[in-house]
Amino acid sequence: MSALRVSDIMSNHIAPLRCGTPLTEVVRTLLENHITGLPVVDDKRHVVGFVSEQDCIHALLVSNYHCEGDPVVDDVMFHEPLPVDPDMAIVDLAQKLGSGKPKVYPVVENEKLIGIVTRTAVLAELARIGCGLELSKRSGANN
């Protein structure tokens with residue numbers, strides 16, 4: 001199990017969010033991809049932030065209540081994301097997960113985003129290995 005790496009379970013099928021993206025588009029992307037958060041990148045795919053459903057909920061409540069228009073991702077994103085290396089052992093990442101920790105981590109190599117890894121993917125892989133569970137793609141293991 002210690003040989004399994006983040007790169008083995010990461011997902012790279014969801015395009016990252018770009019700086020300046022309207023919050024309504026951010027929400028649409030999160031909902032359509034059934035994901036709780038995504039990294040925000042600049043034009044060179046450097047991770048500059050992270051936005052979650054919780055960030056969006058709060059921002060939409062405030063903007064709707066005050067009729068302030070459509071905020072952009074830069075206004076609500078967390079500016080100190082917690083990237084992980086693709087060579088990090090899944091066991092090491094699993095030990096970092098816990099209450100109050102992110103559910104989605106940007107996977108960064110050579111300072112550029114190459115994918116994301118989710119708590120769900122870690123759980124699914126640990127269950128598959130430890131319990132012999134076979135999960136369908138609909139289980140959300142790659143979300």
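Please read these numbers as outputs of a predicted model, since none were measured by experiment.
Rounded to the nearest 0.5 Å, atoms CD1 (Ile90) and CG (Leu123) are 11.5 Å apart. To the nearest 0.5 Å, atom NZ of residue Lys101 and atom NZ of residue Lys103 are 13.0 Å apart. Between atom CG of residue Asp92 and atom CG of residue Leu4 there is a gap of 11.5 Å, rounded to the nearest 0.5 Å.
Distance alone, capped at 3.5 Å, is enough to place a donor-acceptor pair between the Asn33 side chain and the Thr29 backbone. A donor-acceptor pair is defined here as one N or O able to donate and one able to accept, closer than 3.5 Å; no such pair exists between the side chain of Asn110 and the backbone of Lys112. Between the side chain of Asp74 and the main chain of Gly20, a donor-acceptor pair closer than 3.5 Å is present.
Linking Ile, Leu, Val, Met, Phe, Trp and Tyr whenever their side-chain heavy atoms come within less than 4.5 Å leaves Phe78 and Val84 in two separate clusters. Leu17 and Val104 fall within a single hydrophobic cluster, where Ile, Leu, Val, Met, Phe, Trp and Tyr are joined by side-chain heavy atoms under 4.5 Å apart, directly or via other members. Neither Val72 nor Val48 shares a network with the other; the hydrophobic side chains, linked directly or stepwise wherever heavy atoms of I, L, V, M, F, W or Y lie under 4.5 Å apart, form separate groups for each. One hydrophobic cluster, built from ILVMFWY side chains closer than 4.5 Å, cannot hold both Leu113 and Ile14; they sit in different ones.
Across all their heavy atoms, Arg5 and Ala89 have their closest contact at NH1-CB, 3.1 Å. For the residue pair Pro39 and Ile116, the shortest heavy atom distance occurs at CD-CG2, 3.6 Å. A pairwise comparison of heavy atoms in Cys56 and Leu30 identifies SG-CD1, 4.1 Å as the closest pair. Of all heavy-atom pairs between Pro86 and Glu109, the closest is CG-OE2, 3.8 Å. Val73 approaches Cys19 most closely through the heavy-atom pair CG1-CA, 4.2 Å. Residues Pro83 and Pro81 share a closest heavy-atom pair of CD-O, 3.1 Å.
Residue Asp43 qualifies as open at atom CG: its count of foreign heavy atoms under 6.0 Å is 12 or below.
Put simply, the side chain of Lys96 reaches to within 4.5 Å of the side chain of Met88, judged on heavy atoms. Using a 4.5 Å heavy-atom cutoff, the side chains of Pro106 and Val47 are in contact. Proximity of Val76 to Leu23: side-chain heavy atoms (C-beta onward) are separated by under 4.5 Å at one or more points. Considering only heavy atoms from C-beta on, Val108 stays 4.5 Å or farther from Ile114 through its side chain.
Among the candidates Val6, Thr118, Val117, the single residue satisfying the side chain to side chain contact (heavy atoms under 4.5 Å, CB included) test with Tyr105 is Val117. The only member of His46, Met77, His79 that meets side chain to side chain contact (heavy atoms under 4.5 Å, CB included) when paired with Val40 is Met77.
The pair Glu125-Arg128 meets the salt-bridge criterion, since a charged nitrogen lies less than 4.0 angstrom from a carboxylate oxygen.
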Derivation of the side chain to side chain contact (heavy atoms under 4.5 Å, CB included) call for Val107 and Asp85: CA-CA 6 Å; Val107 181; Asp85 189 277; over 6 Å; no
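Legend: residues meeting side chain to side chain contact (heavy atoms under 4.5 Å, CB included) with Arg18, ordered by chain and number and at least two apart, are Thr21, Val41, Arg45. Scanning for side chain to side chain contact (heavy atoms under 4.5 Å, CB included) contacts around Leu31 gives Val27, with sequence neighbours left out.
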